[in-house]
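Below is one structure, written out as structure tokens; comments come after it.
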There are 4 protein chains.
Amino acid sequence: MGTVTDQPTPARPGRKRSEASRQAILAAATELVGEVGYAGLTIEGIATRSGAGKQTIYRWWPSKADVLLDALAAKADLHVPIPDEGSYPGDLRAFLTASFMLGRNRHVIEVLRALMAEAQINAEFGERFRASFLQRRREALGVIVDRAHARGDLPSTPTSGTVADIVFGVVWYRLLATGQPLDQRLVDELVATLASRS
Amino acid sequence: MGTVTDQPTPARPGRKRSEASRQAILAAATELVGEVGYAGLTIEGIATRSGAGKQTIYRWWPSKADVLLDALAAKADLHVPIPDEGSYPGDLRAFLTASFMLGRNRHVIEVLRALMAEAQINAEFGERFRASFLQRRREALGVIVDRAHARGDLPSTPTSGTVADIVFGVVWYRLLATGQPLDQRLVDELVATLASRS
Amino acid sequence: MGTVTDQPTPARPGRKRSEASRQAILAAATELVGEVGYAGLTIEGIATRSGAGKQTIYRWWPSKADVLLDALAAKADLHVPIPDEGSYPGDLRAFLTASFMLGRNRHVIEVLRALMAEAQINAEFGERFRASFLQRRREALGVIVDRAHARGDLPSTPTSGTVADIVFGVVWYRLLATGQPLDQRLVDELVATLASRS
Amino acid sequence: MGTVTDQPTPARPGRKRSEASRQAILAAATELVGEVGYAGLTIEGIATRSGAGKQTIYRWWPSKADVLLDALAAKADLHVPIPDEGSYPGDLRAFLTASFMLGRNRHVIEVLRALMAEAQINAEFGERFRASFLQRRREALGVIVDRAHARGDLPSTPTSGTVADIVFGVVWYRLLATGQPLDQRLVDELVATLASRS
DNA sequence: GGGTAAGCGAGACGGTACGTCCGGTCTTACC
DNA sequence: GGTAAGACCGGACGTACCGTCTCGCTTACCC
């Protein structure tokens, strides 16, 4: 820091982006996806419901999925926890318990499923979704695993890289394929499988 | 014989379904999804490419995803193996190795990702996809796990039900989220994690 | 020649045309045009309602208008009267009065309007409609006018050829353009205009 | 001034209707009906030929017949003459001569036949066609007849109301049923029949 | 404080695909 | 060979949204 030369906003002329519109658009998107589902959600519908013009949406978001991703961030607490409980099993349990909180809200789950779906179909959104959502969670878990590794607390199997695959794999598989809940039993099971010395 | 065995098809009147059209439609769907991607795939395009009328497609398939699911079945060997190697680790290794064969073909992977995506967005297709694709694979793995259980060969963790979650979870997570390959190393890792007595 | 060798029906092999189907088709056409109007009338609808196959209709009639023309002939008395009352005004009055009977039935009028419309749009049907319907009525009126001419009973205006134009012109114009009824007053008016010596 | 004069166009927001598209659509409709006939004319075809979107057509016209009616108005001089020659026969002759000018153009006749046909089949268009086309011509002739009536120039037969029925009846009957031309002989004949004192 | 540069709601525009309807043809099994 | 049933290819329907493009207007900064 020190020098303040870099001005992030070069003080451009013209009207400022309307925060009111932004809020209204995100709120409308959230409401509508709950009412008509992701397939029935349209930019046109969001514009009508929010009282915004279509152009205003297209100006700031590349697709309806991006709107929804922003809406999710505005609504749900997407903060990624990196607990420090002193032991690998403890950290893991805390991380999973905190992460699964998101899965409590049925609407949030629906949106997450839709976003993951869109990420498959629309490659550019997939890029953004992976970078801004999936990757962050992987990295948080990575911190925990690295810490355990340094501590000599990590079992030989699975490999450190595979831990994330298993954790997020099971979570997403339940969301996308079976619909089983993300409950405390799953936390226990995962901790037992991943943190027990074999 | 001599007895009138009950005929399952009671000789309905009218023209028979054209097998040629069916084949042409499935082939066109496969080609097109490779050329333009799932998002660019349209019923209209399939009809044009295959030389069929749109109505003929709508008569037999409820959505483009269903066409693709059939096309996949016609093209790729979707047979689900239930190996019997005499030991749990052996069975698991054989099952995984065989299953991962599918993942060799880049086109097949693309289609699978699209179908899983569609299953999130279109609930009715989701039902069909789960029943005709996902569930069968779970059941095959279930047989292996049950056999190991009877044999007293099964570790205490993870629970038998969670084995499938972990296996298919990791597989789908790699397909959908990270793009990592389904290789022999993953087989080893999974076998080690799931079949080692802790 | 002179001998009766030519058999009009050469006793062809195969099943005879089903009179029952013919009746059912004509009846269905009549019912349907009353229920859904000419625009909503379809060959498919007639087939379904009558219990006939589409092919059976296409085998015997070139278009839905032809079916309707046959149905009209079967239902309404399309006999064209050529009265002989001894005088031109008397013949004319009798001819008009008899002709206007058809116009009593609202359904018949609707069908006639539709057929005249179809005759404009479908040239081949137009040919048939003119020959089998319009021309016959012109000829009947022609007989009356010729007879008056021979009798020296015909006014100088309008010309004999124009009489039919005026009579049928007024009738069709009322049917197609204004919807005014074909009543006794119109008969009087036409007789006065066409049969009065100027 | 100072008073706020009522503004007829209250300055609505949004993009203005494209006059270029309107022209292109009418031109395309005119061309196409000449090439493929009214039965072969489709909204889709008009859209393609004109380079407009289908929605743009549907936004401004309820049916292809309405497009054609506008196209006719834009192309042909649909001005309805009300001559004043000083005498009933003179007025009538002038009106008929002027009116028959339209009938010179074969394309215009084809369109008029199609529109009259559509008016039979599509009740809502019929309403519009009668009001915007047929009724205006009746009223123009009505002015002429009223003037003659005031002048004491009108024969007792036919009744004033029937004059229009006969004039337009003969004209339309020739267009729709016989195809005879609207020539000077017909003018003479009609004037003689309608304007001679009996 | 006038000029100019966005942003805004509104809505028309060229496109594209939807899912449906029907036309006219054909195949099939029966009679 | 006629018939009911029904699948087939084709093509237009009218609708829904897409993403873009004017419009007239409302801010905001800049000289």
Side-chain angles (χ1 to χ4, degrees), chain A residues 10-18 20-22 24 40-48 50-60 62-64, chain B residues 10-22 24 40-48 50-60 62-64, chain C residues 12-18 20-21 24 40-45 47-48 50-60 62-64, chain D residues 11-18 20-22 24 40-48 50-60 62-64:
Chain A
R12 290 179 307 138
R15 189 173 177 175
K16 289 288 189 307
R17 175 172 184 180
S18 161
S21 281
R22 187 179 159 275
L41 184 69
T42 65
I43 298 280
E44 214 140 68
I46 297 172
T48 302
S50 67
K54 283 167 66 176
Q55 195 65 262
T56 301
I57 301 179
Y58 282 112
R59 196 174 354 253
W60 302 110
S63 77
K64 66 173 178 174
Chain B
R12 287 189 311 133
R15 190 174 174 172
K16 293 289 185 298
R17 176 172 183 180
S18 160
E19 180 61 19
S21 283
R22 188 179 158 275
L41 184 69
T42 64
I43 297 280
E44 211 140 72
I46 297 172
T48 301
S50 67
K54 284 167 67 174
Q55 196 67 261
T56 300
I57 301 179
Y58 282 112
R59 189 167 11 243
W60 302 110
S63 78
K64 65 174 179 174
Chain C
R12 290 180 302 139
R15 189 170 172 178
K16 290 289 187 309
R17 175 173 184 181
S18 159
S21 281
L41 184 68
T42 65
I43 297 279
E44 214 141 67
T48 303
S50 66
K54 282 167 68 177
Q55 195 64 263
T56 301
I57 301 180
Y58 281 112
R59 191 169 3 250
W60 303 108
S63 77
K64 66 174 178 174
Chain D
R12 288 189 310 133
R15 188 174 177 175
K16 295 286 185 297
R17 174 173 183 180
S18 161
S21 282
R22 188 180 157 274
L41 184 69
T42 64
I43 297 279
E44 211 140 71
I46 297 172
T48 302
S50 68
K54 284 167 67 175
Q55 197 66 261
T56 301
I57 301 180
Y58 282 112
R59 190 169 6 246
W60 302 110
S63 76
K64 65 174 179 174

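Each chain gets a letter, A, B and so on, in the order the sequences are listed, and its residues count up from 1.
Considering every non-hydrogen atom in both D/L41 and D/K64, the closest pair reads O-NZ, 3.0 Å. Nearest heavy atom pair, residue A/I46 against residue A/I57, reads CG2-CD1, 3.8 Å. Taking both residues in full, the closest heavy atoms of B/A47 and B/G53 are given as CB-C, 4.2 Å, listed atom of the first, atom of the second, then distance. The two residues A/A24 and A/S50 make their nearest non-hydrogen contact at O-CB, 3.5 Å.
Residues D/L41 and A/K64 each lie close to DNA chain F; by heavy-atom proximity, the contact nearer the 5' end of the strand is made by D/L41. Along DNA chain E, the nucleotide nearest to A/A47 and the one nearest to B/K16 differ in position, and the one closer to the 5' end is contacted by A/A47. Each of B/P13 and A/S63 was matched to the nucleotide of DNA chain F holding its nearest heavy atom; the match closer to the 5' end belongs to B/P13.
Of the side-chain N and O atoms in D/R12, none sit less than 4.0 angstrom from OP1 or OP2 of F/dC23. In this model, the phosphate group of E/dA10 is not approached by any side-chain N or O of D/R15 to a distance below 4.0 Å at OP1 or OP2. For the pair B/S18 and E/dT27, the criterion of a side-chain N or O lying under 4.0 Å from OP1 or OP2 is not met. Taking 4.0 angstrom as the limit, A/R17 places none of its side-chain polar atoms (N or O) nearer than this to OP1 or OP2 of E/dA6. Taking only side-chain nitrogens and oxygens, A/T42 never comes nearer than 4.0 Å to OP1 or OP2 of F/dA16. Taking 4.0 angstrom as the limit, B/W60 places none of its side-chain polar atoms (N or O) nearer than this to OP1 or OP2 of F/dG6.
Residue D/R59 contributes atom CZ, which lies 16 Å from atom P of E/dA10 at whole-angstrom precision. Residue D/E44 contributes atom CD, which lies 17 Å from atom P of E/dC21 at whole-angstrom precision. The nearest whole Å value for the distance from the CD1 atom in D/I43 to the C1' atom in F/dA12 is 10 Å.
Summarising the geometry, atom CH2 belonging to B/W60 is positioned 5.0 Å from atom CZ belonging to B/R17; distances are rounded to the nearest 0.5 Å. Distance NZ/D/K54 to OG1/D/T48: 9.0 Å, rounded to 0.5 Å.
Of the residues in residues 50-58 of chain A, A/K54, A/Q55, A/Y58 come within less than 4.0 Å of DNA chain F through at least one heavy atom, sorted by number.
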